[in-house]
Structure formats: structure tokens, C-alpha cells
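First comes the structure, then the notes that go with it.
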Amino acid sequence: MTDRTSKQSPDITSREDAVEPLARQFGEEILLDYVTGTLDDATRLMVAAQMALRPEISETLAIAGDLAGLMLEEAEPVPMGEGAFADVMAAIDALPETAPSAPAPDAELDVLPAVIRERVAAHGGKWSFVTPGVRAMDLGFEAGEGEVKLYRIDPGYGVPTHTHKGQEMTLVLTGAFGDGRDRYGPGDICVASPEITHKPIAEKGATCYALAITDAPLQLTGALGLVQRVLGS
């Protein structure tokens with residue numbers, strides 16, 4: 001994992017203060033990083049999606065913006081390096097003239113926040129089977145940014161009991177799930193660490209869509225865990 005100013009890895013997965021447990025939303029420090037542009041792209045996507053689901057976060061974001069402005073005013077100016085402008089112009093010239101075409105997203109995804117639909121349209125892959133009733137879509141983030149996936153969980157289904165080789169953060173977009181510890185609905189963030197074993201199951205009713213960021217693979221337990229270890233995953 002790189003330092004917190006890098007855009008190469010999702011720093012929310014390694015920071016205990018990233019999420020306010022009772023509010024189940026990002027804390028002010030993460031929102032400040034969002035405003036100043038120092039978050040990695042995966043984390044920015046999750047913050048933007050939670051903001052769409054919880055408009056009240058915009059008030060906290062406005063405060064973070066004011067703090068960022070004050071910090072900028074107090075910062076000492078740093079001169080640009082020689083050739084910096086030429087490097088920027090060269091990078092712009094290297095950009096493709098047209099964006100690659102992408103398949104149209106599923107009509108069912110219309111219930112998701114616009115930032116998620118846009119990511120799926122531009123970078124989303126195909127749905128892949130996880131377990132009965134659960135599918136996942138890779139959202140096309142570069143290696144080193146962790147694993148960023150959109151999950152679709154049918155009501156009454158879920159992921160087998162597992163722990164984690166690293167950290168995991170999951171934002172519920174629609175529907176809800178319980179994991180044996182608590183219940184999480186739209187706009188809630190579920191945080192899981194290597195010390196936690198849980199079994200997320202979607203509630204009856206609406207299909208549960210969730211955005212998940214992990215910095216290491218899940219570790220299944222029980223018989224499935226034995227199979228996982230035998231297969232070397």
C-alpha cells in the first residue's frame with residue numbers, strides 16, 4: 001500500500017478513522033481528502049456514491065471544503081519544476097481522441113447512483129458467478145488499487161461465511177443485508193477486518209446491490225475454506 005496522498009491504492013481500507021461506526025459513513029478526514037483530490041479513484045467513487053444516497057453528507061463536505069480552503073491559504077507556495085508545463089501538455093496530447101465504446105449497462109442498474117452507472121458503462125466487465133444468487137462485476141480499476149467490485153445479491157441469498165486476509169469496505173447501494181453482526185441498508189458502510197468472520201445475507205424484498213473495496217482476497221471458512229486452500233486461492 002502506498003502513502004495516503006497516492007492515487008494507486010484505496011487508503012480507506014487501512015485507516016481505522018475512515019468510517020464513523022455509528023453513522024456508518026465516511027469521517028471528516030476522508031471527506032477533506034475527497035475535496036482536496038488526494039484520494040485514490042476507487043475511494044472517490046465510493047464517497048461520491050454515498051453522497052448520492054445520503055444528501056446530508058454534502059453539509060459535512062461543505063465544511064471540509066472550507067477547511068481545505070483555509071489550509072490552502074496558509075500553505076507556502078511551491079514553484080513549478082522546470083519543464084512541468086511542457087510535461088502536462090504532452091500528457092494531454094497523448095490522451096485518446098475518443099473514448100472506447102462500452103456495452104450499455106443493464107436497465108436494472110437504473111436504480112443505482114449515477115456515478116456507479118457511469119463507471120459500469122465506461123469500465124464495467126461482465127457479471128461473474130460468485131455463489132448461487134450472487135454475482136459480481138469488476139469495475140476496471142488498475143492493479144494496485146485493490147479489488148473493486150459491484151455485487152448483485154438476490155433476496156435471501158448471500159456470501160458464504162468468511163473472514164478476510166485484509167480489509168474490506170462495502171457500501172450498500174440498494175436493498176439491505178445482515179451479516180450476523182448488524183443490518184446495513186442503502187448508504188451504510190460495512191467495515192470488515194481480518195479479525196471479523198461474517199456471512200452477509202440479503203434481506204427479502206429489493207435486490208441488494210453493493211460496492212466493495214478489498215485489499216486482499218476473502219478467506220472462506222469451514223468446508224469451502226478447505227477447498228479454497230486446496231485450490232491455492
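All residue numbers in this chain count up from 1 along the given sequence. Note that the structure is predicted; figures quoted are calculated from it, not measured.
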Show the nearest heavy-atom pair for residues P160 and T131, with the distance to one decimal.
CD-CG2, 3.4 Å
Straight-line distance of E168 CD to I189 CD1, nearest 0.5 Å:
12.0 Å
Between the side chain of T174 and the main-chain N/O of T207, is any donor-acceptor distance below 3.5 Å?
yes
Is T170 close to L211 at the side-chain level, that is, under 4.5 Å between some pair of heavy atoms?
no
Pairwise distance CE(M46) to CG(L171) - rounded to 0.5 angstrom:
5.5 Å
I would like to know whether T214 and V148 meet side-chain contact (heavy atoms from CB on, under 4.5 Å); could you show each step before the answer?
CA-CA 7 Å; T214 58; V148 186; over 6 Å; no
Validation row: M169, V191 side chains within 4.5 angstrom (heavy atoms)
yes
R152 charged N/C atom sitting above Y157 aromatic ring, 6.0 Å / 45°:
no
Go through the steps to decide whether L173 and L53 satisfy the test side-chain contact (heavy atoms from CB on, under 4.5 Å), and finish with yes or no.
CA-CA 8 Å; L173 303 172; L53 296 166; 4.0 Å; yes
Nearest atoms (heavy-atom pairs only) where A49 meets P113:
O-CG, 4.2 Å
Between the main-chain N or O of T43 and the side-chain N or O of D40, is there a donor-acceptor pair closer than 3.5 Å?
yes
G205 versus P155, closest heavy-atom pair with distance
O-CG, 3.1 Å
Atom pair SG (C190) and OH (Y184), whose distance is rounded to the nearest 0.5 Å:
4.0 Å
Any side-chain to backbone donor/acceptor pair from R135 onto V130? Under 3.5 Å, distance only.
no
To the nearest 0.5 Å, how far apart are CD1 in I201 and CG in D154?
11.5 Å
Taking all non-hydrogen atoms of both residues, which atom of C208 and which atom of V172 are closest, and how far apart?
SG-CG1, 4.3 Å
Heavy-atom distance under 4.5 Å between the side chains of D110 and R117, does that happen here?
yes
Are any of the side-chain nitrogens in R54 or D188 under 4.0 Å away from the carboxylate oxygens of its partner?
yes
For the student: nearest non-hydrogen atoms of W127 and Y151, plus distance:
CZ3-C, 4.4 Å
For F177 versus P200, what's the shortest heavy-atom pair and its separation?
CD1-CB, 3.8 Å
Distance check, rounded to the nearest 0.5 Å: M137 atom CE versus R119 atom CZ?
12.0 Å
Check: A136 main-chain N/O paired with S128 side-chain donor or acceptor under 3.5 Å
yes
CA sep, side-chain torsions, deciding dist, call: Y209, L109, side-chain contact (heavy atoms from CB on, under 4.5 Å)
CA-CA 9 Å; Y209 282 93; L109 302 187; 3.5 Å; yes
Test side-chain contact (heavy atoms from CB on, under 4.5 Å) on I213 and E147 and set out the steps.
CA-CA 6 Å; I213 300 176; E147 194 171 70; over 6 Å; no
R44 charged N/C atom sitting above Y34 aromatic ring, 6.0 Å / 45°
yes
How many angstroms lie between atom CD of Q50 and atom CD1 of I57, to the nearest 0.5 angstrom?
3.5 Å
Per the side-chain contact (heavy atoms from CB on, under 4.5 Å) rule, which among L150, V115, L112 passes with V120?
L150
Flag, side chain of E203 to backbone of A176, donor-acceptor distance under 3.5 Å:
no
Donor-acceptor pair, distance only, cut-off 3.5 Å: does the side chain of D179 make one with the backbone of D182?
yes
